[in-house]
Q: 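I have a structure here, written as structure tokens, and I will follow up with some questions on it.
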Amino acid sequence: MSKLTRRSALLGATALMTAFDSALLGSAFAQPVLPKRGGTLVYAQCSGNRRGGDASNTKHPYFMIDLITRSAYNTLTWVDEGLNVVNELAANLAPTDDKLNVWDVTIREGVKFHDGRDVTAKDWASSFELHRRRNFASQQIKSTEVTGAHSLRFFLDAGNSEFPYVLAEYDNVVMPANDDFEKIGMTGIGTGPFRIVEADPQRRMVFERFDGYWRKDQPFLDRLEVINREGQMESAINGFRSRQFDAVLNIDPRLVRQLTAEAETEVVPASSGDQAVIILPKHPGSPFLDVRIRRALAYAIDREAIQRIVYGGARFGWLGNDSHMAGTDPMFVGRPIRRDVAKARALLAEAGHPNGITLPTLYYAPQWPEMGRYFQVIQETVKEAGITLPIEERPNDGYLNFRQGDADVTKGNWHKFAYTAVGPRNPGISLFRMRGANNESGYWSGPGHDRYLALYREAMVTADAAKRKAIYAEMQKICYDEVPAILPAGRNNVLIRRPNVRGLNNHPQHWSITWDGVWKA
Amino acid sequence: MILFLRRLSRRPLTMLGLALVGGHLAVAALAPWITPYDPLRLLEAPLEPPTATFWLGTDELGRDFFSRLLLGGQISIVAAACAGLIAAFGGGLLGLATAFYRGAFDDAVSRIVEMKLSIPAILLVSLFVTGFGQSLGVLILVMGLIYMMGVIRTSRALGMTLMEQGYVKAAKLRGETATAIILREMLPNIADLLTVEFALRTSSALLLVSALSFLGLGISPPTPDWGLMIQSGLQSIRSEPWLILAPALCVSTLVIGINFATEGVADLLGLEAARGATGQ
């Protein structure tokens, strides 16, 4: 053992003091790490493009939705990670009076398209001529009027207190003006942080930084590549493991436990995400015409088992209430009784099925990786109430056409008893989805539906948020009583990223993730 | 027969094959009575490791994995065997008919067979299943038709040889109908070949059913099926590898068993041409 001399003791004490000081000073004067410019980020998207896309339209914002919308385009408003609406290209947005059916927008100045041209109100008006015809939420826009070079007026068919949320819908982007609705947007020229340089329909999109972007000094990345891996999550994750991808979006929450333990993998959950809509078609001869059968099914499903088994608990899954509302929404009202097998049996007996019922085949597609598990849990748990529920998985490709039938219900080609997914939105948009004219409600009709729509109209012209909340609660109670569709449980979106990927936040709306502030350390 | 069995017992690989096939068939037949738990029931937390209660742990939904494994071959084996039967019997008859009639009928059938052989089986089955639905009936019928093509070729070749045999010529001279000649004179003489074809096509069909289930186009969940189990175990390959290894082992041992057994039997029956003819 070496001898402790006076000299060595002093040296040691000095070294200790120096280390202590530098740690203290270091933390006191720590500078935030500045984002680094440059580099290429490659990510895989496991929920990409339900609308598909081909060589002619793949750059259009209505196709390849999750792959391009927030990279190449901008909307007037944006919904943040907490589902609050904030201005994006709108500088100011307000209704002209308390009828809430005319809204004035002042658009941000100095915004340029990827071809260098300035964005004007005329471009917005032209873009909304397409949106009000094609986007479900924008159909309430009767017309637009250009009131100045950078100002625009929206005329709605009825008042809408939550109109700013409509403007945040992913379709509602600005495109260079074009009177031909078949051609507008086809060039892929937007105002987003990146411009499209390569498009391989349904497979891959490549973007490069747009230097004229309106957010100064952003984006940070030189290049962004997105690979569509819808329905191929295992290959996406293997690509991440082999360092082909820097991030993978919308993975199966079941994998969180496994991936958390893997090196150089950060798991980022969002506060909410999509939920499954089980559409109950109410055409002649359908068992779902009988509200007692609909209610029996709603009571029979073990929603907590879905949350526990499919999502691994409350951190990655939430319980639905048979409306389109997201569980994290402050205006969400949970089902008073989540499950009651005895009540389900009693309702079936009352409906003339004392020995149980065999329902038609329920179709689903693996649009989300966990859907197979989701429907097997439902199938197994409803058995306890005497409900036999055959299920069948269909391929993602062509699923939309397979399930939708004909929108013209008079033709008798009805929507199938099938699943679709719906993302979390504000109550105004979410609750509007249960209208009878929308196939997600299974073409619901009757006094309950009429009361529901009357309440909706009332809510839309109620500016007071507290009063609106009470109306929304009543609407959700109608969904509980009438069960026009079943929305048992939802997911929290999960992404994985490498530790050197900074600024990439997850979002409950998987289409609303932004890439402006993402950089690689 | 005794001599045949004695010769058979001197072939260890054939005996191993027969033991594997016999074992799998016995388990599949007895599975409903020997499974410790209901294979569909959600019993425990998902992905539990193997314990004394759950010998192979639980699957991604908390169902007993061992019970599912025991039942997992049942539908695949039935589907593959039915498809093998359709292929062997249908293909045998059609092959003999082409050899008997020759001419335009032979040309037409031969061209159809050649066209079919140029298309990968999995692609064709996927198209049919997507178009006509995922029912077991559709799956069996399509697989049977696909594997029939190879059988038509082999039975046609043998049929041509039979057509030159004296007893077939005599039957013709006696004025017997074509159906009678094919069924009574020719078919019994290719029975050995068809037996081997049946076994080979069944083993190919078994792999195809598993592959289709793996791709989500075969047997639908929640039915316990090895292909489906491999597919759902894929996600857990790093953390729970037994979920993929156990069903994969079952599929491979059964297919290897059928191939070993068939090869030995074919050899003993003197069907050299049929040995290893596992293609289409």
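We name chains A, B, ... by the order of the sequence lines, and we start the count at 1 in each one. Small disclaimer: the values here were computed from a predicted structure and weren't measured.
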Q: Does the distance from a Lys or Arg side-chain N to an Asp or Glu carboxylate O, for B/E240 and A/R257, drop under 4.0 Å?
A: yes
Q: Kindly compute the distance separating CD (A/E393) from CG (B/L228), expressed to the nearest 0.5 Å.
A: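 Answer for the CD-CG pair, A/E393 versus B/L228, is 8.5 Å.
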Q: Measure the spacing between CD of A/Q376 and CG of B/D59 and express it to the nearest 0.5 Å.
A: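 Output value for this atom pair is 8.0 Å.
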Q: With a sphere of 6.0 Å drawn around CZ of A/F402, does it hold more than 12 non-hydrogen atoms of other residues, nucleotides or ligands?
A: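 Yes - once you tally the heavy atoms of other residues, nucleotides and ligands closer than 6.0 Å, there are more than 12.
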Q: To the nearest 0.5 Å, tell me how far B/L234 CG sits from A/N238 CG.
A: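 If we round to the nearest 0.5 Å, B/L234:CG and A/N238:CG are 7.5 Å apart.
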Q: Can you say whether A/I391 sits under 4.5 Å from chain B via the side chain, the backbone, both, or neither, judging by heavy atoms?
A: both
Q: Can you tell which part of A/Y374 gets under 4.5 Å to a heavy atom of chain B, answering side chain, backbone, both or neither?
A: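 Neither part, no heavy atoms under 4.5 Å.
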Q: Between B/P46 and chain A, which part of the residue has a heavy atom less than 4.5 Å away: side chain, backbone, both or neither?
A: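 For B/P46, the contact with chain A is made by the side chain alone.
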Q: Quick one: of A/R373, A/K383, A/R394, who has the most non-hydrogen atom pairs under 4.5 Å with chain B?
A: A/R373
Q: As an exercise, state the distance from CD of A/E234 to CD of B/Q231, rounded to the nearest 0.5 Å.
A: 7.0 Å
Q: Can you say whether B/L47 sits under 4.5 Å from chain A via the side chain, the backbone, both, or neither, judging by heavy atoms?
A: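 Contact with chain A is through both the backbone and side chain of B/L47.
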Q: For a 4.5 angstrom cut-off between non-hydrogen side-chain atoms, does A/E262 reach B/R238?
A: yes
Q: Does a side-chain heavy-atom distance below 4.5 Å link A/E380 with B/P222?
A: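 No, side chains not in contact.
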Q: Does CZ belonging to A/R338 count more than 12 external heavy atoms closer than 6.0 Å?
A: no
Q: Please report the shortest heavy-atom distance between A/Q258 and B/I237, naming the atom on each side.
A: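 Between these two residues, the closest heavy atoms are NE2-N, 4.3 Å.
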Q: Find out whether B/S236 and A/R254 are in side-chain contact, i.e. whether some heavy atom of one side chain is under 4.5 Å from a heavy atom of the other.
A: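 The answer is yes; the side chains approach within 4.5 Å.
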Q: CG/A/L259 to OG/B/S239 distance, rounded to the nearest 0.5 angstrom?
A: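 Rounded to the nearest 0.5 Å, the CG-OG separation comes out at 9.0 Å.
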